[in-house]
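Note sheet for the following structure.
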Number of protein chains: 2
Amino acid sequence: MNQDSILRSLVADNLVSDPSGARGRLLREAARLFRDKGYERTTVRDLAAAVGIQSGSLFHHFRTKEEILKAVMVETIRLNTALMQAAVESADSSREKLRALIRAELESINGQTGEAMAVLVFEWRSLSEESRAYVLELRDIYEQLWLDVLGALHRDGVLAADPFVVRRMLTGALSWTVTWYRPDGGLTLDDLTDQVVAMMGVKGPGT
Amino acid sequence: MNQDSILRSLVADNLVSDPSGARGRLLREAARLFRDKGYERTTVRDLAAAVGIQSGSLFHHFRTKEEILKAVMVETIRLNTALMQAAVESADSSREKLRALIRAELESINGQTGEAMAVLVFEWRSLSEESRAYVLELRDIYEQLWLDVLGALHRDGVLAADPFVVRRMLTGALSWTVTWYRPDGGLTLDDLTDQVVAMMGVKGPGT
DNA sequence: TTACAAACCAAGCGCTTGCTTGGTATTGTC
DNA sequence: GACAATACCAAGCAAGCGCTTGGTTTGTAA
């Protein structure tokens, strides 16, 4: 189950928009604009211009501007949850599962879905109360993947610190890479993964 | 040199506004509103109402709304840089200096200046190009404090990972605490500091 | 060819925004 | 007590905002 087939499966189930369709293209441009200028500074005219239509025509696809923000976030979480799940399942030991999770999250933040992930981090305050509740609900599924793995490592005595605290520290540290990491800076995502694992106080198998 | 005297010294030098003055009170309310609602969603009418004046009267104190955002950020960096400097100087070993820095940054993020620090993290995109350049300049002084200490630990073989990467990971992890840490949750800032230090792969004195 | 829905345009409405203006209290100074 | 300078108010302007409306084009299928 590679990344492409996971995406295609989600598209087939109508959980994620086809990236090549009109709606999918709009969401991609929206993510880019929201990340670059922020949600509030991005006007519906900006969004429309980015996909080459009139501003009023946007409201044929989405009822409100906020619905666009919500869709960007919801679809991104759905996709990355599925990718994470696959990453966990493909690894054997808990230690390898953790590494796979870190690697996958770095990929989601600094790869294809990077714009949308940045929006998820920086623009959640612009969501309405109900949209926020729904997004948080989806996020919990995602977070449970992490807590399961960290909890197992904790029980095995490999991880000393509290899994909840560790996850939150990791969330911050990994999210923040979006503000400074550049793939052309001589540091690959694998290098970065190594540094994170090394920095975590996870005792190696031999000690 | 305690925290209060540091603040008073900065006020005397006109680098930070007196918190009890009109300007200082406005900046405090602005920081709170900007954190809660975001800069763009906060109107000048909101700001004026928070300090009990008419919206037009704001422009007697600040030329533009953006100048208020800039002032919140600049004064916060100035204060926290001074506090960090004192924290570093009061510690003897590099290891203790690192702990003092972590503790001080957690304090700045989750204590009195918490609102303003959150603004610094989440609202920097709303700054104009020039304001951003100035803020980054001030930030560099602040960051150098960290890199000096981390560099010393690295040279001594206490810290294995790259100081630049470690600092950036720490920035993310510590900033993120603003989204989840609550002092009434049974975890003190000292506890949290311990967890961070423990999580960092800094080898203890005995190994 | 006809029928119909989906996708889009052109125009603009009603409202909110940051900020300005002209004038009035309030404060500090000699 | 005269006189600025400072701090504020009341009113409103011009621009930009999200979104609506009524009508036209495009795609699809019988």
Side-chain angles (χ1 to χ4, degrees), chain A residues 11 14 17-34 36-73 119 123-132, chain B residues 11-12 14 17-73 119 123-132:
Chain A
V11 170
N14 240 350
S17 305
D18 185 346
S20 63
R23 186 186 152 102
R25 283 210 326 279
L26 172 63
L27 289 180
R28 254 174 63 93
E29 291 298 321
R32 198 178 50 80
L33 284 166
F34 290 165
D36 290 347
K37 313 179 33 166
Y39 170 77
E40 299 290 345
R41 294 176 92 91
T42 304
T43 70
V44 293
R45 288 163 179 83
D46 290 335
L47 292 168
V51 291
I53 60 175
Q54 291 296 107
S55 67
S57 305
L58 274 185
F59 296 89
H60 176 73
H61 299 280
F62 298 90
R63 273 179 307 176
T64 64
K65 181 188 171 191
E66 193 231 336
E67 202 171 279
I68 300 176
L69 177 62
K70 182 182 175 183
V72 167
M73 293 185 170
V119 172
E123 304 295 336
W124 56 270
R125 262 176 324 180
S126 294
L127 283 178
S128 68
E129 204 78 28
E130 353 166 34
S131 299
R132 204 180 308 182
Chain B
V11 170
N14 239 353
S17 305
D18 185 345
S20 62
R23 187 185 152 101
R25 282 211 326 278
L26 172 64
L27 289 181
R28 253 174 63 93
E29 292 298 321
R32 197 176 52 81
L33 285 167
F34 290 165
R35 184 200 57 175
D36 290 347
K37 317 181 27 168
Y39 170 77
E40 300 289 346
R41 292 175 94 91
T42 304
T43 69
V44 293
R45 287 164 180 82
D46 292 334
L47 292 169
V51 291
I53 59 174
Q54 292 296 107
S55 67
S57 305
L58 275 185
F59 296 89
H60 176 73
H61 300 279
F62 298 90
R63 272 177 310 174
T64 63
K65 182 189 171 190
E66 194 231 337
E67 202 171 281
I68 300 176
L69 177 62
K70 181 181 175 183
V72 167
M73 293 185 170
V119 172
E123 304 296 336
W124 57 270
R125 263 175 324 180
S126 294
L127 283 178
S128 69
E129 204 78 27
E130 352 166 35
S131 299
R132 203 179 309 182

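Letters A, B, ... mirror the listed sequences (proteins, then strands); counts begin at 1.
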### Closest non-hydrogen atom pair between B:Ile68 and B:Ala30, with its separation
CG2-CB, 3.8 Å
### Message
Between C1' on D:dC17 and CD on A:Glu66, what's the gap in Å once rounded to a whole number?
### Response
16 Å
### Task
Go along nucleotides 3-10 of chain D 5' to 3' and tag each nucleotide: B for a protein heavy atom under 4.0 Å from its base, S when only backbone or sugar atoms are that close, - otherwise.
---SBSBS
### Task
Could you tell me which non-hydrogen atom of B:Arg45 sits nearest to which non-hydrogen atom of B:Ser55, and how far apart they are?
CG-CB, 3.8 Å
### Message
Show every salt bridge (charged side-chain N to carboxylate O under 4.0 Å, His left out) that has at least one partner inside residues 17-28 of chain B, sequence neighbours left out.
### Response
B:Arg23-B:Glu75
### Message
Between B:Leu47 and B:Glu29, does the side-chain contact (heavy atoms from CB on, under 4.5 Å) criterion hold? Intermediate values first, please.
### Response
CA-CA 7 Å; B:Leu47 292 169; B:Glu29 292 298 321; 5.9 Å; no
#### Entry: Length of the CZ-C1' vector between A:Phe59 and C:dC9, whole Å
15 Å
### Query
So which of residues 35-48 of chain B are in contact with DNA chain C, with a heavy-atom cut-off of under 4.0 Å?
B:Thr42, B:Thr43, B:Val44, B:Arg45
### Message
The criterion is salt bridge (charged side-chain N to carboxylate O under 4.0 Å, His left out); which residues satisfy it with B:Arg125, sequence neighbours excluded?
### Response
A:Glu123
### Query
Taking only residues two or more places apart in sequence, or in another chain, which ones meet B:Glu67 in a salt bridge (charged side-chain N to carboxylate O under 4.0 Å, His left out)?
B:Arg63
### Message
Would B:Lys65 pass as a cation-pi partner of B:Tyr39, given that its NZ or CZ must be under 6.0 Å from the six-membered ring centre and within 45 degrees of the axis?
### Response
yes
### Task
Send over the distance from B:Leu58 CG to C:dT21 C1', rounded to a whole Å.
16 Å
### Task
Tell me, please, which residues at least two apart from A:Glu40 pass salt bridge (charged side-chain N to carboxylate O under 4.0 Å, His left out).
B:Arg41
